[in-house]
Amino acid sequence: MKKALVILFIVGMIGFMPVKINAQQQFKVVLDAGHGGTDPGNTGNGYLEKDIVLKIALEVGDLLEKDKDIKVIYTRKDDTFIELHERGSIAHKAEADLFVSIHCDSFEPNAKVFGAGTFVLGLHENDRNFEIAKKENSVILLEDNYEQKYDGFDPNSPESVISIIMMQEEYLDQSLALASLIQNKFVGDLNRKDRKVKQAGFLVLRNTFMPSVLVELGFLTNKKEGAFLNSKVGQQKMAKAIYDAIKTYKKQHDANTVVEVKPKPKKPIAKAEKSRIFKGVDFKVQIASGRKRVSTESYNFKGLKGVERIRIGAHHKYYYGKTSDYTEVKKAQKLAKEKGYVGAFVVAFRGGKKISVHEILKTEQK
Ligand SMILES: [Zn+2]
């Protein structure tokens, strides 16, 4: 009798335990096919952006799902209209590791314009980038009460964009890393014209608290590129390129938490730099983040002392070098980088709330 109970217990353990562990370790990718339903996206040369991007998103997902460590979440799997803010909340709820929004560009004034580009959320560097973001953002005009939903965001105002930037500041480095990997695949493997990694104020990337990119696969208004993107072969190729980039990103991401990098020899600091104190502000260096909860002892952090751990959603973030002196925090960042945290970046808090470093530096009294 006892034996039977023990066996039953063991079988029971084996029955459910591994499933739970796997689910926790899965790398979650949100694939966001732009537009859908009543919003066709751009219709250059009679092609439908909403259809092309959906096919490519599904293809990327099929490829990714072959890897058991990856879980794919779609914002839409069919021809439905999803509001922009809803796309972000899907990613947020899923506690995703990556958000990839897929689009096609158009340029009515000149059908010769072609090429692929990848965007991260940031200040538009030029008018053309603003125009692209404006076009993709203007879909909110189809939504009810968009003024309330997007805190008064006006897709036609360049200034409106600034307010949405800081939410993604924390993930900028990682977003840029993924964007570069995608662009390299488009250009290196597929010989697409390089429209580069760029920054612009895409509303869909606003509420994604994870590395996020928006891909503009090419121009439907260009005859040759439109036909390529509308073809099965073209879609498979573009999907494979995005898939390859995500896989490489994941590999680097996985390695980041375990790889030990030998610290470079310290260089002496030439001259004492002036303090730049911001009252009431805590600057910190974010050195790592991940689902794993790691003890903050210095031996876990390459000798860095006083590491702080804060849980945000499903992730633990690890900060180092808390100070209200910006000069000091830059020194701490330098040291963290020397220790091997090459992606270490500065964040700022006021009253425990995260604020934009960029904005706070602008308030400095000269
Ligand atoms: Zn679009």
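Just so you know, these numbers use all the heavy atoms, side chains as well, and skip hydrogens, waters and symmetry mates. Read the numbers this way: they start at 1 and go in the same order the structure lists the ligands and their atoms. Being a predicted model, the structure only gives us computed values, none of them experimental.
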Problem set entry | Under-4.0 Å salt bridge between R195 and E216 | no
Problem set entry | With F186 via ring-ring contact (aromatic ring centres under 6.0 Å, His included) - residues at least two apart | none
Exercise. Which pairs, with at least one residue in residues 75-84 and sequence neighbours excluded, count as a side chain to side chain donor-acceptor pair (under 3.5 Å)?
Worked result: D32-T75, K50-D79, D78-T80, E83-H85, E83-K149
Seminar exercise, completed: Separation between CG (N184) and CG (D244), nearest 0.5 Å, reads 12.0 Å
Check: residues 55-62 side-chain donor-acceptor pairs under 3.5 Å, at least two apart:
none

Exercise. Can any side-chain N or O of N45 pair as donor or acceptor with the backbone N or O of L220 at less than 3.5 Å?
Worked result: yes
For this session: Have a look around the Zn ion (ligand 1) and list protein N/O/S atoms under 2.8 Å, or say none.
Result: H35 NE2, E49 OE2, H103 ND1, E136 OE1, E136 OE2
